[in-house]
Amino acid sequence: MPKKRKLGRGVAVVGAGLSKFGIYPKGVRGQDLFVEAYNELRSSVDKGFDPGDIDALYLGNISSDLFERQVHIAPAVANRIGIVPKPAIRFEDACAASGVAFREAIIAISSGIYDIVLAGGLEKMTNLDTTQVTEVLAAAMDPDTEIPAGETFPGIYATIATAHMAKYGTEVEDFMRLGIKNHYNGSLNPHAHFDASIPDIMKRRAASAVKKGLPEPHWADEMEFLHDPKQNPVIAWPMRLFDCSTICDGASCVLLAAEDIARNFTDKPIFVIGTGQASDYFLAERKELASIRATKLAAREAYEMAGVSPQDIKIAEVHDCFTIAELVAMEDLGFYKPGEAVKAIREGENRLDGKLPINTDGGLKAKGHPIGASGVGMVVEIFKQLRGEAGPRQVKKKDVDLGLTHNAGAHGSTIVVNIFQRR
Amino acid sequence: MPKKRKLGRGVAVVGAGLSKFGIYPKGVRGQDLFVEAYNELRSSVDKGFDPGDIDALYLGNISSDLFERQVHIAPAVANRIGIVPKPAIRFEDACAASGVAFREAIIAISSGIYDIVLAGGLEKMTNLDTTQVTEVLAAAMDPDTEIPAGETFPGIYATIATAHMAKYGTEVEDFMRLGIKNHYNGSLNPHAHFDASIPDIMKRRAASAVKKGLPEPHWADEMEFLHDPKQNPVIAWPMRLFDCSTICDGASCVLLAAEDIARNFTDKPIFVIGTGQASDYFLAERKELASIRATKLAAREAYEMAGVSPQDIKIAEVHDCFTIAELVAMEDLGFYKPGEAVKAIREGENRLDGKLPINTDGGLKAKGHPIGASGVGMVVEIFKQLRGEAGPRQVKKKDVDLGLTHNAGAHGSTIVVNIFQRR
Amino acid sequence: MALENKFSEVAENKLYSLAYNKFLSEHKLMGARCKKCGHLSLPPKPICPECHGNELELEEMKGRGKLVAYTVIAVGSPLMVEEGYGRGKHYCCGIVELEEGAKICARISGVDTSKPEQIKIGTPVELDYVEATHAADPTHEEGERTFLSFKALS
Amino acid sequence: MALENKFSEVAENKLYSLAYNKFLSEHKLMGARCKKCGHLSLPPKPICPECHGNELELEEMKGRGKLVAYTVIAVGSPLMVEEGYGRGKHYCCGIVELEEGAKICARISGVDTSKPEQIKIGTPVELDYVEATHAADPTHEEGERTFLSFKALS
Ligand SMILES: [Zn+2]
Ligand SMILES: [Zn+2]
């Protein structure tokens, strides 16, 4: 049993910003995208703030080393945004990089050493081609077993999927339903890489075929489209193209302030009331394959700190690097019992108008997954939703006052869970 | 003026370990070296401890990405040493990586979220050849100005050296004197990569020449040897081979515990009483080139937190990636006035038997500089010296009760300073 | 002297990756069993994850087990693409639970990769090896390498 | 639509690296001056490090200055080795303080690299450029690139 953790001092999010996620030219640097996100953050702080008051920069980034041939990127970013000589640190825990940067920023403010921290993440992935990106990501796998076996990250999550299917009877259509939901949400998000729903994409593809003089394709519905191997080829069975998050570039950031000064910046601070983190083995060594234990442990720590239960959560951002990851997280976070998330998925319970909206910004699937930016990207969405500032995708049910983010690194060998409250 | 920082809860070092620094075969992983360091740490904890009580792993590493083609290395290390599912985080701030990991661990314990943290670092550099390693390190420079200019890290520090020479009349022999001192200290350190003094090296080289049937070379003294361009070629003028730290493999770790439980582990905990960190621009943008401003700022924060002055420090580990870096740090840390460190160097004041011993373990020059391991490597030495456990290199003067570590990233664009006390 | 001794001690320590891979090239799949609590780690670990003991001894796996999870990969890893796999030639990898109780990730042969949905979890498998030549990478020299594989028996 | 607009807005924003390098290839050395406090950033920055203002405008440097620190490199960077420099052909790089007050790191020509100790700090320099062809790297396409250089005048 982990100890019950607590923070010595409360912390709130008082500002947030994202760059547009997408594919930028080779000469654009990750740090340039961070400037985009930071400029948006500056306008988001209602009562304004003096950048000179930022005490430190906590930056998530997975591999500017391999993607941009740059290391020591945190001080370079501090330089770009004009906050030298403040401490600037890069955090790496695979795709949980900025989730970890965020949590560590919370801890630092809580310790009393800092009052205001800028936490964020960035990744400039598209300088490399897809094969090279796959190779970079593969570097997070076990070099003794998984890499020699020919594993890829779609393969790792596909493996979890077969375990889940065998144990609970989950069907490939359940994965597809998650993709449909997330693409719809992404179509309402101007920052999203894919700002198109699956029906939008079907229309575009049909139009494109006609334009090329080819016969106009017809699909009865989204399901038929997603079963069409030409439109949605298998990447690693049972994961197809539309089960996989996108490779793109982007940056995210939030401004964190100690509870006692949070209202100097905004009348609507969003308080961080719980945080948890755990690690795990590579996949094969785990007792259970149809579940991510680190999610359960990180969530338990966060729920206990917050003093809330999974059923209290009104909205969640979960790590859908692959559709199966979202499904498993829904169970491991305690929203649904093991094997029962599919019921909610089939009933549309996690849509914008559902009982528990999940990935309202389109998730990593449609918003995009510039890996180091994703953890804080989720926080940005919860910040907007809890403040009622999410525009066309704003969740309309009443009392959306408790949100959760779940950020996973690699196989779920790092998980960070945070719980947010509007008071 | 930076705010006066303080920690909410005291922290102590209660155990420490190093791997042997050196060149290991290609199939040995950085994580294997961490196991070596961790096993040494386990034996160093007088009263023992239960590894299950470690709350988190804070790991410094610069680029396992480029050196070992591995990312998400922190959970992999947690796995190797058997502490899954505890949170495991990688920190990167170039050569200050583990200095930052250490400082963040202090902050985390101070926040109350953790009681016991394992902080350390590792780097497995020698899978790549020297040119490739140079390219990896160059990735910490400005891609818009320094890399196109053809800069290298020896070049960056050589540039600082010319500014210092022009401003204060510092001579190349002053750099050489630092190398002689550090090599002598390294010869007394069984963990050192180069466990040989300059006279030892001179003897070995003379013997090797004779063995090859060549005429026996003679040098009047160390200075003549270090002026011999065959023995000590220029790398980036005025920095020669013996002014540069070594490329090698290694790992380091320390066990940190909250002040209130530190004596459960040992009767001789070493308390961390001050810590500071700052960032800076790339070199050209700085107002002053013969000094590292981030060292001054980080040191000021640490001294103020500790309530001590530079003149109170009894022993120091400073970041001598190049000899000029040690010299400049001696001034920026306030041990000597600007331009006056050379006087102390010439008078031998920083030798083991001097007034202020510096780099008693041989420094990065002779102990070696497996970059991600270096920051915590320095802490390991201060821990041993303050406890009187440094063996043949133990500083013998009385009351060695206050020590300092200074860890620099890249150009000094990240600096971490920590102050330690034996009570 | 001390320097070289220390190096070879680490390099030849049987519980590091180097040793695991050396045994693999001799067609031996080695785990490590904790002398204190009996827990089996596969690949070998220097420290027991169950009881934190650091006395473990190598144990050779018999090589029989069953498939507990798998995937059939169409977009191959760079390593597999080097061996000719990918879009045109899919391959299976999966997790095998050995009779000894430990699980490991490996290549799976003897299954129909054109019908991934028909591969059965629970299928008995037996140890097999694949040899292939690869270019150098940051942790391997160029040349032939041995890869762990299991063959489906039904 | 919005997607493409947003991209080109970032790509062409004159205060990012892409723009600095594009101007360099046109033999223009550009800094950015803060409209609020007048601070000059070189290369251009999108946010002023002195006053945090984010309205800055490009300003072309006249190209005259003096050498304030330098080195002569014998073990060259991979880029310079590609151009034939290294052990057999040393090169100088240094920091130039421009008349406008900003400093920049660049290649230095017109000095005797065989006598590095005789290069004088304070030497007046003037802007120059070097063109060289390089292989692709993670942030540049293959082809000719322009490098900033200053020529010593005495
Ligand atoms: Zn055991
Ligand atoms: Zn300004």
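Note that the structure is predicted; figures quoted are calculated from it, not measured. Proteins get letters first, then strands, A, B, ... in listed order; numbering begins at 1 in each.
Considering only heavy-atom pairs separated by less than 4.5 Å from chain B, the leading option among A:I147, A:T414, A:D93, A:V100 is A:D93. With chain A as partner, the option from B:E92, B:Q277, B:R293 having the largest number of non-hydrogen pairs under 4.5 angstrom is B:E92. Considering only heavy-atom pairs separated by less than 4.5 Å from chain B, the leading option among A:G8, A:P85, A:A78 is A:P85. Among B:G112, B:A138, B:S110, the residue with the largest count of heavy-atom pairs under 4.5 Å with chain A is B:S110.
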Begin from the C-alpha positions of B:N79 and A:E285 and carry the test side chain to side chain contact (heavy atoms under 4.5 Å, CB included) through to its verdict. CA-CA 10 Å; B:N79 184 346; A:E285 197 173 342; 3.8 Å; yes
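The two atoms that bring A:P75 and B:S279 nearest to each other are CB-CB, 4.4 Å, heavy atoms only. When all heavy atoms of A:P143 and B:Q70 are compared, the closest pair comes out as CD-NE2, 3.7 Å. Scanning both residues, A:A108 and B:I107, for their nearest heavy atoms gives CA-CG2, 3.5 Å. The minimum heavy-atom distance between A:L66 and B:L66, with the atom names listed, is CD2-CD2, 3.4 Å. In terms of heavy atoms, B:D65 sits closest to A:I62 at OD2-O, 3.4 Å.
Neither the backbone nor the side chain of B:F67 comes within contact range of chain A; no heavy atoms are under 4.5 Å apart.
Ion pairing between B:D142 and A:R29 fails under the 4.0 Å rule for side-chain N and carboxylate O.
A donor-acceptor pair is defined here as one N or O able to donate and one able to accept, closer than 3.5 Å; no such pair exists between the side chain of A:E104 and the backbone of B:E104.
Separating the CE atom in A:M141 from the NE2 atom in B:H72 is a distance of 13.0 Å, to the nearest 0.5 Å.
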